[in-house]
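First the structure, in the form of structure tokens, and then the observations on it.
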Amino acid sequence: MSDAAAAPNYKKTLNLPQTDFAMKANLVQNEPASIKRWGEGDLYGRLRSLGADRKRWVFHDGPPYANGSIHLGHVLNKTLKDIVVRSRTMMGFDVPYVPGWDCHGLPIEHKVMADLIESGKVEKLNALEPDARRMAIRRACLDYAMKQVKLQRGQMERLLTIADYDNPYLTTQPSYEAGVLEILAELVEQDLVYRALKPVHWSIANETALADAELEYMDREDLSVYVDFEAADAGAVYAAFGVDDVARDERELHATPSFMIWTTTPWTLPANCAVAVHERTEYALARIDGNITVLATNLVEAIAKIGKAEDVEVLATAPGKALLGLRYRHPFVTDVPACGLGRELDTAKTWSIVAADYVTTEDGTGLVHTAPGHGQDDYNTGVREGIPVYCPVQGDGTYDQTVPAWLRGMDIWKANEEITRHLTESGHLYHAQRFSHSYPHDWRSKTPVIFRCTEQWFVAVDKPTRHEGKTLRRLALDAMERVEFIPAWGRNRLRGMLESRPDWCISRQRTWGVAIPAFETPEGETFMTAASVRAVREVVREKGSDAWFQMSPADLLARYAPHDGPAPDPTTLTKGYDILDVWFESGSSWNGAMRARSDGADFPMEVYLEGSDQHRGWFQSSLLCALGMTGRPPYKSVLTHGFMVDKDGKKLSKSKGDTVEDLFKKYGADVVRWWVASLSYEGEMKVDDEFFKLAGESYRKVRNTVRFMLSNLSDFDPNRDRPEAPHPASLDAWILGEYELVASDVIEAYEQYDTKAAHHHLYNFCNDALSAVYLAAVKDRLYCDRADSPRRRQTQAALYDVADGLCRLIAPILCHTADEAWRALRGIDAGDARTSVHAEKFIHSFHTKRDQAWPSVFKAREAALVALERRRAAGGLDNALDAGLVVPDPADDLSRFDPTDLADLHGVSRFRVDQSAKEVLAEDLREEPYGFARCDRSWRRDGTVRQRSDGGALCDRCADAMGV
RNA sequence: GGGCCUAUAGCUCAGUCGGCUAGAGCGCACCCCUGAUAAGGGUGAGGUCACAGGUUCGAGUCCUGUUAGGCCCA
């Protein structure tokens, strides 16, 4: 009975772990096999066919823009969506998921035009008739967009997302375009669509409006002028500064004050209609070399210096708020036409002081020259205040006939000098100087662009709709109360934007999009009614939006029925060439994609899930479109996520870091998804190579845990070997109970879209409950018991159930690994593409009965492990199997448990309960007077160890297993 | 400049209605095992809860301000 005796090598007699499920995941190679298998087995189609008796839960994909490779933002968004879709499916819902792409719009047109210019084809193009030219551009755009869709689709599939990729919705599909025009018709019918002026960047050289992407900012030197606008009512100005008539007399303030403005575009002065101040800025009534003028207090000194003034005095100060409503006289204009289509004008406000919060005192005078026809800010102010949106500049850069005679027909750049000279002569000019600044230029002609008002189409948000007579804004604000926002602050954010948003400008002067089907009569009247839009819609439904560019007005209106109302003779009409804002298109997806495919059944959708930038974009455009047509919001819930930042929390630079494809190659999609699931997506998320490495390590922990379970089930057949339900005090009952707790936590987390919590619970279950506790404890019986011992089979049954349940729980996140593991567990043939964990439901419970005293066991265990560690540190007792534990049990909780189970739970050879003990005693079994020998096979110390017939020293259990 | 949001251990995150000594995991240190082995296990050290005020018997939590950062506007 000596430990040192040469004993047979028992390793081969153990039931050691065995599995084909590799420790090394090799995701880069194996994930594509899963994708292929899911495709061959038509997983998406099969999930739909499962859905016959399931409740439908419709997820609606926001369409990414079809341009370029997907980036980390797409990875985040698509992974979160996929986790939602897969988890809701496994909860037992029918969750269709139609992916979409936003295919129209400027970025694509821009790219295509740049390519055409580069390849020299643009000359040929320009020689074509306008419609033929537009069609040539459109064909090139469509071609480009389809390539991008194909590229992105492949990358999204590589991310292991499941969707109806063979049947996506594209904003270029005729049926989709018809759905867009349907909404437009509904809005037109309610008289919500109107035409009005709006400032745009305008290229004089090309006589066209430009988009932001077509601008290049270059330095330019302009004449900047400080101009005095004479007050219309001197007394009112003094009063605003608290200087009453008595005080004026006393201080001999008889001069008429002026308001001093500053501008770098003197050519816009003829269009001046107001002066803006900031309500909270302090303004001074100052005397500068005899002239009394109003300007921001903290700029008085600097401006006096610029004009080389010698005598400067601040007479009084007042907040900007006090100046509001004061009138002034334009230095050379006496009449402004009442222009500003679509809005009532308040002519009394022309040439008065108004408030604007963009006014600063960083440069200028603190009083901002406001020409609503020539600037975005100015325009917004003009619209808000009801002052004219006056634009006397024509497309060729010359003034029209509404300006003073000396300016008519003059080129605006020449006018800069002329106006300055005129102001000098009339005594309105305080100072003029050259000023160098960054100024937008036309990217093609390299000439400076101007802001100029053009006619655009708008959707009114403050006009009554047919839905209880409420305005779109009112409907939208009301809807905020009914929609669920995750996180909740999304509601406030959207509400704030809805409260302050202007009417929606839905037109663009472009080619790549759905044309606004407006006609013009020979008299210059616009013809667009609900019926005419619907007539065109029917043509578009069949032939696509190309029809607008290919067909005559008469053919486009062929479906226009007489009872639709009087219409102009179609043969006299000409077509308009504005296209719809792409946000109007994507905002119609609930109709053009989802309702169209379900006969109207899939509305409203359960959830929209996009980045927080979409509060301004898709969440809002979808909401307005849906409310306008149906009176209802298109979604029940809005879920938003934040953006990626670098490891220091700074904005992510586009050029830095790995591409998405690099990530798939370096880590595999499951690791990337595991990382995404761990993020606090509601805020900013830090991204760095280091985090993917960490995610890889924690992924491996999960994978190894699953692998260990699988490897101990190689000889287990659940149909053949499953015993009765485990005893409540057994380890197996404990782990099944733990599984049920984690399943409940994880499923609840999925329900609440809390991927981080799901990730956390899953990882901790693998790491703690399984790896550190249960699997460590049951190793001995799995390895050393007779293969078919009831105790071993009991544990295998628990392992099988837990592995089965766990594979399902991780499936929405680790969709490749889960399927691979689950198939290994079930022994599914590699060629069988029709079986997948993703078609299964979550397992909530095994109806396990657990002993109430388990918490006491783990409380005692904590103390016992500390005692054991102390004993080890004291020296001589390194191997826990040489140790025994004597544990106090004052409440008599532990006696119901099997001492062997408890010993296994602590990794020791013997566990004894002593009700009277005060503290845990870790004893060295080698010092036992009776001699606790070590079993050569199980390495445990046990009173039953004896020399056996095969020459080894074995415990009874091992002797039985060996049959000796 | 405005709206919305974020800040807790070296890192990623919990922390409910304001209430015991602020918790996990990773990492780190030390140790064990060598029959999960490019694995597994144990113990331990880490925090002025961004900063400054305020409310309260009591504040990580509520209020105000500041700083840093993000999204959207301007």
Side-chain angles (χ1 to χ4, degrees), chain A residues 9-19 21 23-24 278 280-281 356-362 376-377 380-381 487-497 499-501 611-617 620 640-652 675 678-680 682-686 688 690-691 693-695 697-698 700-701 703-712 754 756-757 759-761 763-764 766-768 770-773 775-777 779-780 782-784 861-862 864-873 875 877-883 906-907 937-939:
Chain A
N9 183 352
Y10 288 105
K11 185 167 178 176
K12 289 204 175 88
T13 73
L14 299 172
N15 312 302
L16 287 180
Q18 200 180 337
T19 178
F21 186 80
M23 181 180 285
K24 192 168 169 1
H278 196 287
R280 293 196 298 275
T281 298
D357 54 16
Y358 52 80
V359 174
T360 70
T361 55
E362 270 159 38
Q376 186 65 51
D377 282 343
N380 292 338
T381 302
W489 51 257
R491 173 178 291 115
N492 274 345
R493 184 160 180 189
L494 193 47
R495 188 194 281 136
M497 289 174 172
E499 278 167 354
S500 64
R501 72 155 297 147
S612 64
D613 55 338
Q614 298 305 331
H615 287 96
R616 178 144 298 272
Q620 200 172 144
T640 52
H641 55 77
F643 286 78
M644 303 286 180
V645 294
D646 69 18
K647 66 180 193 311
D648 301 318
K650 298 287 172 58
K651 198 181 167 77
L652 210 55
W675 169 74
S678 76
L679 298 169
S680 273
E682 54 280 3
E684 304 99 74
M685 292 147 281
K686 289 181 180 174
D688 191 69
E690 203 56 37
F691 299 144
K693 285 192 187 121
L694 292 173
E697 277 171 40
S698 102
R700 254 168 265 133
K701 178 84 197 192
R703 183 181 179 89
N704 253 325
T705 304
V706 172
R707 175 174 183 265
F708 186 67
M709 290 194 279
L710 294 176
S711 66
N712 281 293
D754 191 348
K756 187 177 59 192
H759 174 278
H760 177 81
H761 286 125
Y763 180 77
N764 282 349
C766 290
N767 198 20
D768 298 347
L770 282 173
S771 189
V773 180
L775 297 178
K779 257 194 227 181
D780 173 78
L782 288 168
Y783 293 180
C784 304
R861 181 175 182 262
E862 249 178 82
L865 288 175
V866 171
L868 207 52
E869 183 66 21
R870 291 226 179 93
R871 185 76 169 74
R872 179 154 39 206
L877 190 53
D878 286 341
N879 193 328
L881 284 176
D882 289 337
H906 296 77
R937 186 164 173 273
S938 69
W939 300 340

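Letters A, B, ... are given to chains in the order of the sequence lines, protein chains preceding strands, and every chain is numbered from 1.
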Partner residues of [X] under the salt bridge (Lys or Arg N to Asp or Glu O under 4.0 Å) criterion, sequence neighbours left out:
X	result
A:Arg872	A:Glu869
A:Arg491	none
A:Lys693	A:Asp689

I need the [X] [atom1] to [Y] [atom2] distance, nearest 0.5 Å.
X	Y	atom1	atom2	result
A:Tyr10	A:Ser938	OH	OG	10.5 Å
A:Lys701	A:Asn764	NZ	CG	11.0 Å
A:Cys784	A:Leu16	SG	CG	8.5 Å
A:Trp489	A:Ser612	CH2	OG	5.0 Å
A:Lys24	A:Asn704	NZ	CG	12.5 Å
A:Leu679	A:Lys686	CG	NZ	12.5 Å

Please classify the nucleic acid contact of [X] as base, sugar-phosphate, or nothing, using heavy-atom distances under 4.0 Å.
X	answer
A:Lys686	sugar-phosphate
A:Arg937	base
A:Ala776	nothing
A:Ser771	base

| message | Stem finding on RNA chain B, please: runs of three or more consecutive Watson-Crick or G-U wobble pairs, both distances under 3.5 Å, sorted by first number. | response |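 Stem list for RNA chain B: B:1-7 with B:67-73, B:10-13 with B:23-26, B:28-32 with B:40-44, B:50-54 with B:62-66.
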
| task | Please determine, for the side chain of A:Phe691, which listed nucleotide (B:G35, B:C13, B:C11) has the closest atom? | result |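 From the listed options, B:C11 comes nearest.
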
| With respect to the side chain of A:Arg616, which nucleotide from B:C5, B:A36, B:C73 is positioned closest? |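 Closest nucleotide among those given: B:C73.
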
| task | Determine yes or no for a side-chain-to-main-chain donor-acceptor pair under 3.5 angstrom, with A:Asn15 supplying the side chain and A:Leu782 the backbone. | result |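 Looks like yes, one N/O pair under 3.5 Å.
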
| For A:Trp489 and A:Leu14, take the nucleotide of RNA chain B holding the closest heavy atom to each; which residue's nucleotide lies nearer the 5' end? |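 Nearest-nucleotide comparison on RNA chain B picks A:Trp489.
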
| message | Nearest heavy atom decides the nucleotide; on that basis, is A:Arg861 or A:Gln376 closer to the 5' end of RNA chain B? | response |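 That would be A:Arg861.
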
Whole-angstrom distance between [N] and [M], as gauged at atom [atom1]:
N	M	atom1	answer
B:A22	B:A36	P	39 Å
B:C4	B:U8	C1'	22 Å
B:G58	B:G18	P	16 Å

Expressed in angstrom and rounded to an integer, what is the separation of [X] atom [atom1] from [N] atom [atom2]?
X	N	atom1	atom2	result
A:Arg707	B:A39	CZ	C1'	8 Å
A:Glu690	B:C11	CD	P	13 Å
A:Gln18	B:G35	CD	P	16 Å
A:Arg491	B:C72	CZ	P	22 Å
A:Asn15	B:A36	CG	C1'	15 Å
A:Asn712	B:G35	CG	P	15 Å
A:Leu782	B:G40	CG	P	17 Å
A:Asn492	B:G2	CG	P	18 Å

| message | With a 4.0 Å limit, can you tell me whether A:Lys779 has a side-chain N or O closer than that to the phosphate oxygens OP1/OP2 of B:G35? | response |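 Looking at the OP1 and OP2 atoms of B:G35, neither is under 4.0 Å from any side-chain N or O of A:Lys779.
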
| query | Should A:Ser680 be listed as having a side-chain N or O under 4.0 Å from OP1 or OP2 of B:U6? | reply |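 No, A:Ser680 has no side-chain N/O under 4.0 Å of OP1/OP2 on B:U6.
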
| note | The contact string for nucleotides 20-32 of chain B, one letter per nucleotide 5' to 3', using protein heavy atoms under 4.0 Å with B, S and - for base, sugar-phosphate only and none, comes out as ----SSSS----S

| said: How would you summarise protein contacts on nucleotides 60-71 of chain B per nucleotide, using B for base, S for sugar-phosphate only and - for none, with heavy-atom distances below 4.0 Å? | reply: ---------BSB

| field | Face-on cation placement of A:Arg937 at A:Tyr783 ring, 6.0 Å and 45° thresholds | value |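 Geometry flag: not set, cation outside 6.0 Å or 45°.
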
| request: From the options A:Gln614, A:Glu682, A:His615, select the one residue that forms a side-chain contact (heavy atoms from CB on, under 4.5 Å) with A:Thr640. | output: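 The residue from A:Gln614, A:Glu682, A:His615 that satisfies side-chain contact (heavy atoms from CB on, under 4.5 Å) with A:Thr640 turns out to be A:His615.
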
| Torsion-based syn/anti label for B:G46, 90° from 0 as limit |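 Syn.
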
| query | So does A:Thr705 reach the base of B:A36 with its side chain, donor to acceptor, closer than 3.5 Å? | reply |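 Flag unset: no donor-acceptor pair detected.
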
| request: Could you check whether A:Trp939 and the base of B:G35 form a stacked pair, meaning centres closer than 5.5 Å and planes differing by less than 30°? | output: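 Stack criterion met.
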
